[in-house]
Amino acid sequence: MTGIGIIGSIIIGALAGWIAEKIMNANHGLITNIILGILGAVVLNFLLTAITGSTLGGVIGQLIIAIIGACILIFAWRAVKGRA
């Protein structure tokens with residue numbers, strides 16, 4: 001999350017994780033939401049940069065990327081958890 005800062009990243013991560021939790025009908029805590037939101041943003045930013053060479057800028061762009069990334073992580077976690 002370039003240009004957002006640490007506090008901004010935590011706030012956006014928490015918000016994105018909470019929204020992803022509601023979209024995916026999951027039941028996580030606040031810390032898990034923050035982690036999923038931040039990791040989701042990092043993973044999707046990396047993928048977008050590797051594929052297209054750029055990513056969405058600004059707070060809204062990073063929030064959208066974090067939400068989509070967190071949803072992907074929740075989906076992946078469910079897929080791995082379902083196999084065990």
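The basis for the numbers below is simple: all heavy atoms, side chains too, and nothing from hydrogens, waters or symmetry mates.
- Atom-to-atom distance recorded for N45:CG and I65:CD1 is 4.5 Å, nearest 0.5 angstrom.
- Neither W18 nor W77 shares a network with the other; the hydrophobic side chains, linked directly or stepwise wherever heavy atoms of I, L, V, M, F, W or Y lie under 4.5 Å apart, form separate groups for each.
- Contacts of L39 classified as side chain to side chain contact (heavy atoms under 4.5 Å, CB included), with partners at least two apart in sequence or in another chain: I35, L73.
- Residues I72 and V43 fail the side-chain proximity criterion, which asks for heavy atoms closer than 4.5 Å.
- Put simply, CD1 on I67 and CG on L44 are 11.5 Å apart, with the number rounded to the nearest 0.5 Å.
- Between the CD1 atom of I19 and the CG atom of L63 there is a distance of 5.0 Å, given to the nearest 0.5 Å.
- Here the closest non-hydrogen pair linking N27 and E21 is C-OE2, 3.5 Å.
- Across every non-hydrogen atom of M24 and R78, the tightest pair is O-NH2, 2.6 Å.
- The distance from atom CG of L48 to atom CD1 of I68, rounded to the nearest 0.5 Å, is 8.0 Å.
- Separating the CD1 atom in I51 from the CZ atom in F46 is a distance of 9.5 Å, to the nearest 0.5 Å.
- As a member of the Ile/Leu/Val/Met/Phe/Trp/Tyr network built from side-chain separations under 4.5 Å, I7 groups with I11.
- With sequence neighbours excluded, the residues satisfying side chain to side chain contact (heavy atoms under 4.5 Å, CB included) with T32 are H28, L36.
- The two residues A26 and I74 have their closest heavy-atom pair at CB-CG2, 4.4 Å.
- In terms of heavy atoms, A66 sits closest to G37 at CB-O, 3.6 Å.
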